[in-house]
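Shown next, in structure tokens, is the structure this report addresses.
Residue numbers count from 1 along this sequence. Counting convention: from 1, in listed order, for ligands and their atoms alike.
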Amino acid sequence: MSDFKILSESVIRGDVKTALAETQRALDAGTSARDILDKGLIVTLDEVGERFSKGLIFVPQMLRSAKVMQECTKLLKPFFHEGEVTSKGKVLIGTVKGDLHDIGKNLVSMMMEGAGFSIIDLGVDVSPEKFVQKAQEVEPDIVAMSALLSTTMPSMSQTIEALQKAGLRGKVKIMIGGAPVTEEYARRITADSYASDAGSAVNKAKKLIGVS
Ligand code: B1M
């Protein structure tokens, strides 16, 4: 964490200029994009969450930190491309209904895209009906759902039911993830796969549809 002290402090302060300069400095110094992301940015947002839980900061500060994180992630994006590849498969992704958290979902999209998947990103607050309608339209290989609130997790199960009712359940694989989501929860709601982070989401997606 100490290598990323300035980066971390600037994310917490919501200081995008310093955070971008620090991200670039770390890249120029040869630090891997993966380390900057995992050890510099994601751990800092965990710290932001801790401070929010303790009542030390409030939603506007949390939002500012999130924006800084997103700007820094843009700098890192080119480093997560595995090379020129044809589409490995189509992934329809979104953050579930009632949930506005999109940083994790965007990272999963970014890594999957970098690994050669085509991504159709529905954004945040995506209802089961919207997932179904878009799945009918684009015929994805995988429907991927993210949730960051324990209160929005049930929407994942509602979406699976809606896909089932629409006759799509046998045609798509379902992957879920997000901080409060667990492997056990995925099994319970009959999702095909759970991933704890964006890197493992890529590997699990490849496994799900049998590509390397
Ligand atoms: Co919110 N928030 N937030 N928030 N927020 C959390 C999630 C919280 C844990 C903070 C806390 O209390 N400690 C808490 C949820 C408690 C709970 O339900 N368990 C919380 C709360 C309570 C709220 C509000 C209700 C606050 C309020 O208004 N009183 C509110 C809800 C708004 C809503 O959604 N309806 C709210 C709002 C916000 C902001 C808008 C201010 C902002 C989000 C901005 C944005 O996303 N554009 C925000 C933020 C930034 C956070 C924290 C601090 C950081 C989240 C984050 O981006 N983490 C968060 C605390 C925390 O998580 N430690 C918190 C970094 C990101 C990379 O991690 O998203 O977990 P994560 O993604 C990971 C993995 O989970 C995984 O891959 C990623 C890493 O590689 N993953 C997947 C994610 N999706 C996946 C899908 C997959 C596979 C893997 O397959 C499909």
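Here Glu71 does not pair with Lys67 in a salt bridge; the nearest charged N to carboxylate O distance is not below 4.0 Å. Electrostatic pairing of Lys5 and Glu9 counts as a salt bridge here, judged by a charged N lying under 4.0 Å from a carboxylate O. A salt bridge is defined here as a Lys NZ or Arg NE, NH1 or NH2 lying under 4.0 Å from an Asp or Glu carboxylate O, and Asp192 with Arg187 fails to meet this definition. Salt-bridge formation is detected for the pair Lys77/Glu113: a Lys NZ or Arg NE/NH1/NH2 atom is positioned less than 4.0 Å from an Asp or Glu carboxylate oxygen.
Minimum heavy-atom separation, Gln136 to Ala166: NE2-CB, 4.0 Å.
Panel note: side chain Asp99, backbone Thr152; no donor-acceptor pair is recorded below 3.5 Å.
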Kindly print each ligand 1 N/O atom paired with any protein N/O atom under 3.5 angstrom away, one pair per line, or none if nothing qualifies.
{"unit_1": "ligand 1", "atom_1": "2 (N)", "unit_2": "His101", "atom_2": "NE2", "d": "3.2"}
{"unit_1": "ligand 1", "atom_1": "3 (N)", "unit_2": "His101", "atom_2": "NE2", "d": "3.0"}
{"unit_1": "ligand 1", "atom_1": "4 (N)", "unit_2": "His101", "atom_2": "NE2", "d": "2.8"}
{"unit_1": "ligand 1", "atom_1": "5 (N)", "unit_2": "His101", "atom_2": "NE2", "d": "3.1"}
{"unit_1": "ligand 1", "atom_1": "12 (O)", "unit_2": "Ser53", "atom_2": "OG", "d": "3.3"}
{"unit_1": "ligand 1", "atom_1": "13 (N)", "unit_2": "Gly49", "atom_2": "O", "d": "3.0"}
{"unit_1": "ligand 1", "atom_1": "13 (N)", "unit_2": "Ser53", "atom_2": "OG", "d": "2.7"}
{"unit_1": "ligand 1", "atom_1": "18 (O)", "unit_2": "Ser150", "atom_2": "N", "d": "2.9"}
{"unit_1": "ligand 1", "atom_1": "18 (O)", "unit_2": "Ser150", "atom_2": "OG", "d": "3.0"}
{"unit_1": "ligand 1", "atom_1": "34 (O)", "unit_2": "Leu100", "atom_2": "N", "d": "2.7"}
{"unit_1": "ligand 1", "atom_1": "34 (O)", "unit_2": "His101", "atom_2": "ND1", "d": "3.4"}
{"unit_1": "ligand 1", "atom_1": "35 (N)", "unit_2": "Gly98", "atom_2": "O", "d": "3.0"}
{"unit_1": "ligand 1", "atom_1": "46 (O)", "unit_2": "Asp102", "atom_2": "N", "d": "2.8"}
{"unit_1": "ligand 1", "atom_1": "46 (O)", "unit_2": "Asp102", "atom_2": "OD1", "d": "3.3"}
{"unit_1": "ligand 1", "atom_1": "47 (N)", "unit_2": "Asp102", "atom_2": "OD1", "d": "2.7"}
{"unit_1": "ligand 1", "atom_1": "63 (N)", "unit_2": "Asp46", "atom_2": "OD1", "d": "3.1"}
{"unit_1": "ligand 1", "atom_1": "75 (O)", "unit_2": "Ala179", "atom_2": "N", "d": "3.2"}
{"unit_1": "ligand 1", "atom_1": "77 (O)", "unit_2": "Ala198", "atom_2": "N", "d": "3.4"}
{"unit_1": "ligand 1", "atom_1": "80 (O)", "unit_2": "Ala198", "atom_2": "N", "d": "2.9"}
{"unit_1": "ligand 1", "atom_1": "84 (N)", "unit_2": "Ser146", "atom_2": "OG", "d": "2.8"}

